Amino acid sequence: QAQLVESGGGLVQAGGSLRLSCAASRSIFPIDTMGWYRQAPGEQRDLVASISTRGSTNYADSVKDRFTISMDNAKRTVYLQMNSLKPDDTAVYYCNVKRIDRISYWGQGTQVTVSS
């Protein structure tokens, strides 16, 4: 049984939208932040957006005006609404969850491909 379950990736045309979801098992406790990272071929894995259980958010500059991160605390699920997608957004997107003791958990990754 996976501790993080990701969904919502796929293939879209430039200008389109996708919504990523990541649900964390109750075995991950207590949670401090949930977020999304992405890694394109030949590049490092970088933060896209994160959100704390207190509601504080963080965004990469390249997505700040297009993506929105949110969290459903009861469902232990983080969402990433991605609008106005660009080919440069193409990458494998990884869910990340940090406990308050800073232990991290990673999802297996979901592919997002934006065609031009």
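The basis for the numbers below is simple: all heavy atoms, side chains too, and nothing from hydrogens, waters or symmetry mates. Quantities reported herein were computed from a predicted structural model and do not represent experimental measurements.
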Would you please name every residue forming a side-chain contact (heavy atoms from CB on, under 4.5 Å) with Q111, sequence neighbours left out? T90, V92, T113
D72 and T77: side-chain donor and acceptor closer than 3.5 Å? no
Rounded at 0.5 Å granularity, tell me how far CG in N96 sits from OG in S104. 4.5 Å
Which atom pair, heavy atoms only, marks the closest approach of G35 to I69? CA-CD1, 4.1 Å
Qualifying disulfide bond (SG atoms under 2.5 Å apart) pairs with a residue from residues 28-116, counting only residues at least two apart or across chains: C22-C95
Are V78 and L4 connected into the same hydrophobic cluster when the rule is that any two of I, L, V, M, F, W, Y join if their side-chain heavy atoms are below 4.5 Å apart? yes
Which residue pairs pass the disulfide bond (SG atoms under 2.5 Å apart) test when at least one of the two sits in residues 32-61, sequence neighbours left out? none
Taking atom types as modelled, find out whether R45 and Y37 have a side-chain donor-acceptor pair closer than 3.5 angstrom. no
Walk me through it: do R102 and D32 pass the test side-chain contact (heavy atoms from CB on, under 4.5 Å)? CA-CA 8 Å; R102 304 182 188 178; D32 181 58; over 6 Å; no
Pairs meeting criterion disulfide bond (SG atoms under 2.5 Å apart) with involvement of residues 62-91, two or more places apart: none
Cluster link L20 to L47, ILVMFWY, side chain under 4.5 Å: no
Using the salt bridge (Lys or Arg N to Asp or Glu O under 4.0 Å) criterion, which residues pair with D101? Sequence neighbours excluded. R99
Once rounded to the nearest 0.5 Å, what's the spacing between atom CD of Q13 and atom OG of S116? 9.5 Å
Assess the residue pair L80 and R38 against the criterion (side-chain contact (heavy atoms from CB on, under 4.5 Å)); give the C-alpha distance rounded to whole Å, side-chain angles, the decisive distance to 0.1 Å, and a yes or no. CA-CA 12 Å; L80 185 67; R38 69 186 182 187; over 6 Å; no
Apply the test side-chain contact (heavy atoms from CB on, under 4.5 Å) to residues T57 and S50: give CA-CA distance (whole Å), side-chain angles for both, the deciding distance (0.1 Å), then the verdict. CA-CA 6 Å; T57 58; S50 65; over 6 Å; no
Joint cluster assignment, V112 & V5, ILVMFWY side-chain distance < 4.5 Å: no
Sequence neighbours excluded, every pair satisfying disulfide bond (SG atoms under 2.5 Å apart) that has a member inside residues 53-82: none
Any idea which heavy atoms bring E6 and G107 closest together, and the distance? OE2-CA, 3.4 Å
K98 and its side-chain contact (heavy atoms from CB on, under 4.5 Å) partner, picked from I28, I103, T33: T33
Can you find a side-chain donor-acceptor pair between Q81 and T68 that sits under 3.5 Å? no
Please assess V48 against Y59 for the test side-chain contact (heavy atoms from CB on, under 4.5 Å), listing each intermediate value before the final yes or no. CA-CA 6 Å; V48 179; Y59 293 92; over 6 Å; no
Examine Y79 and Y94 and state if one hydrophobic cluster contains both, with Ile, Leu, Val, Met, Phe, Trp and Tyr joined whenever side-chain heavy atoms are less than 4.5 Å apart. no
Assert yes or no for the condition that the ring centre distance of F67 to W36 is strictly below 6.0 Å. no
Between S84 and D89, which heavy-atom pair has the shortest distance, and what is it? O-OD2, 4.5 Å
Where do T53 and N73 come nearest, in terms of heavy atoms and distance? O-ND2, 3.9 Å
State, to 0.1 Å, how close L18 and G8 come at their nearest heavy-atom pair, and which atoms those are. CD2-O, 3.7 Å
Closest non-hydrogen atom pair between S25 and R76, with its separation: O-NH2, 2.7 Å
